There are 2 protein chains.
Amino acid sequence: MDQSPPRNTSVTVADVAHKAGVSKATAARVLGGYGTVSDRVREVVTAAARALDYRPNEIARSMTTGRSGTIGVVVGDIENPFFSLAVRGITDVARQAGFTVILINSGEDVAAEKAAIRTLLAKRVDGLIVSPAKESEVEHLREASRSGLPLALLDRGSDTLDVDTVIADDRHAAEGITRRLVALGHRRIAYLTACDTPDHRFHTADDINTGSVRRRIEGFLGVCREAGLAEMEDWVHVGAVTSEHTRRIVTAMLQSAQRPTAIIASDSVIGLEVFKVHREFGLSIPEDLSLVSFHDADWTSVTTPPVTVVRQPVYGLGETAAKLLVARLNGNGGEANRIVLRTEVVDRASVADAPA
Amino acid sequence: MDQSPPRNTSVTVADVAHKAGVSKATAARVLGGYGTVSDRVREVVTAAARALDYRPNEIARSMTTGRSGTIGVVVGDIENPFFSLAVRGITDVARQAGFTVILINSGEDVAAEKAAIRTLLAKRVDGLIVSPAKESEVEHLREASRSGLPLALLDRGSDTLDVDTVIADDRHAAEGITRRLVALGHRRIAYLTACDTPDHRFHTADDINTGSVRRRIEGFLGVCREAGLAEMEDWVHVGAVTSEHTRRIVTAMLQSAQRPTAIIASDSVIGLEVFKVHREFGLSIPEDLSLVSFHDADWTSVTTPPVTVVRQPVYGLGETAAKLLVARLNGNGGEANRIVLRTEVVDRASVADAPA
DNA sequence: TTTTAGATTGAGACCGGTCTCAATAATGGA
DNA sequence: TCCATTATTGAGACCGGTCTCAATCTAAAA
């Protein structure tokens, strides 16, 4: 009795209309909530729909309206706490605005990113939020945008792409912490990032395709130059793409005769690895080595000593990007917005004077 | 010259067919990759499609095939590293199998979960992976499953739902660590979980609606009983839903005359908060307090001391659930699979003899 | 009471694919 | 060379909604 027949074939407006004894058009009107219907008919149709357990088919609806009610999100890696928090911001806004989110990881690989965009385009998403793997390769994004699809860039911008962009003031943040380290007497300051170059070595900031990281490195190098430190390019290390890579790089660094007295980690995953390795070397932070990490990850406050970090408004990054996109989706036109959210240095105890 | 006209109206198979000088049916055949076409025609159509920059419309395709190529994923909170890692496992498998993922957070709220299911049903997802907020309220899931939609449960099962389920051996894990604590002389052992009850107090394991947590508590209480410890129900604390709640509960606990000598944290977010609070009290782990946390979060290995944890195969949980779902989607029938993945205790340094 | 603007309702086209079925062309065996 | 098969192709229905337009109805205005 409680087991209704397993209906493999779903009930449609036509079914409801038939049961209610009205035309398909009328049933569609009350079910779809548009047009004008008499109260009596509305009741009959509603009752029929309930009796039949009618479920609207969004696919069919999208077919005619041209809107899918979904937004596509392409991030590097949802497993990274940075992105998972940003995505939380996006989904919260999207849900509230009546949109649903299709999530795809690019693994920071441009080819995968292109494939993702293609898939999303085929699914006819109403809008796109992307954290581009490479600023230098955004043709696929430009094309999507030019075809009229609203696009918002997350955490990484592109000068050549005139679309809504939400980033953090990475350069400023990097300048701040570098200045601080220099003031404390540090001269051998290493900057460590997951971004890679073809030969896995750093030459100039232009080699760095990830906008946010490039700006940080430019800030870092700029301040070093001001302070009269030469050839600090040699202290920028790229390719910390996995914890194994990071471990290898940090190990080489700490074993070197010219061991750095301070390390700036470009994200919390790298920062964590640096922290792990420094202990294996029996070094102590901050006496032997100062450490600053980007991203105020949860672990940074419970280590001994706790780690000084650049706190980025990660949730806000996603939230803002989604809000801009939703505004576009609601027809708000106008110039592309380029929003820069403020970061903040959270002073803890991993930074001190350079060892004598 | 390089700026192709911004086509607001997308090109369809009919357009391609017209340009290629063939019928819509024929163009559709080569574009859709089905049926049989002569090589000559294939070439002409392909060329026309390229010239027009034809992009298939998945929505329209779904309309006739009845398959959307998407799977819906409902988790508590993507921001939680547990879920973000599991989702990574899901998306990896889904992508490989040609499916796209629609992600919705339930916030561990049944009403939100129901709404999510409804949305996903309307979007005509091909399958569903859900981490149910409450085992006691799964009617909406049962209904979805009964209507023929493949469903896989993640991390939390339901005896009354006969669907593919992937969980960890939570009871066994809880028994193991409890036994260990008891053997070290602990008698005042607190178990702390985010799951809540109507009156925010724990009475019996049946009050706990989250399957994984209930099994852990049953394991915990079972071992305590074996060891002759009475009324350990009083040591189970529920409602650590936010860090503020957790902080309040832990603070009360540590201030009490009957201060626990060991705490078991039901997830890493709670474990982190316990770690933070214990320090503010000037207590030291493990001398004054032993701590064990579920989920081998990254921070647990870098604290001083590092924290002993129950390592769950989180990525594997998501991966396996997705694989089971994909198998169903490919038509594999048969009994519902109930897979239990093994956990492992990672012994670090936060557990020691109970203080005298 | 007749006229008429406005409210309701029904028919049917349409969105952009897939797919069936019949018609036509090409190939092979007797 | 003729007929049976098989390969290609075109027409048009269909999926489940939305939406336009014309027809019918209702009630207020004259």
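As the structure is a computational prediction, the values presented were derived from the model and not from experiment. By convention in this document, chain letters (A, B, ...) are assigned in the order of the sequence lines, proteins followed by strands, and residues within each chain are numbered from 1. Just so you know, these numbers use all the heavy atoms, side chains as well, and skip hydrogens, waters and symmetry mates.
More than 12 heavy atoms of other residues, nucleotides or ligands shown are found within 6.0 angstrom of NE2 on His140(B).
The minimum heavy-atom distance linking Glu135(B) with Val138(B) is given by the pair O-CG1, 3.6 Å.
Remark: P of dG16(C) and CZ of Arg67(B) are 23 Å apart, rounded to the nearest angstrom. Here the C1' atom of nucleotide dC14(D) and the CD1 atom of Ile59(A) are 16 Å apart, to the nearest Å. The distance between atom CG of Leu52(B) and atom C1' of dG16(C), rounded to the nearest whole Å, is 15 Å. The CG-P distance, from Asp39(A) to dA7(C), rounds to 14 Å in whole Å. The nearest whole Å value for the distance from the CE atom in Met63(A) to the C1' atom in dG16(D) is 10 Å. Between Arg40(A) atom CZ and dT8(C) atom P there is a gap of 11 Å when expressed in whole angstrom units.
Within the 4.0 angstrom heavy-atom criterion, base atoms lie near Thr36(A).
Phe82(A) pairs in a side chain to side chain contact (heavy atoms under 4.5 Å, CB included) with only one of the listed residues (Val75(A), Leu317(A), Val87(A)), which is Leu317(A).
At distances below 3.5 Å, at least one donor-acceptor pair connects side-chain atoms of Asp15(A) with backbone N or O atoms of Thr12(A). Side chain of Asp126(A) to backbone of Ser68(A): a donor-acceptor contact under 3.5 angstrom is found.
Ser38(B) has a side-chain polar atom (N or O) that falls below the 4.0 Å cut-off from OP1 or OP2 of dT9(D).
Taking the charged nitrogens against the carboxylate oxygens, Arg156(A) and Glu113(A) have no contact shorter than 4.0 Å, which rules out a salt bridge.
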Nucleic acid footprint by protein, nucleotides 17-22 of chain C - heavy-atom cut-off 4.0 Å, B for base, S for sugar-phosphate alone:
BBBB--
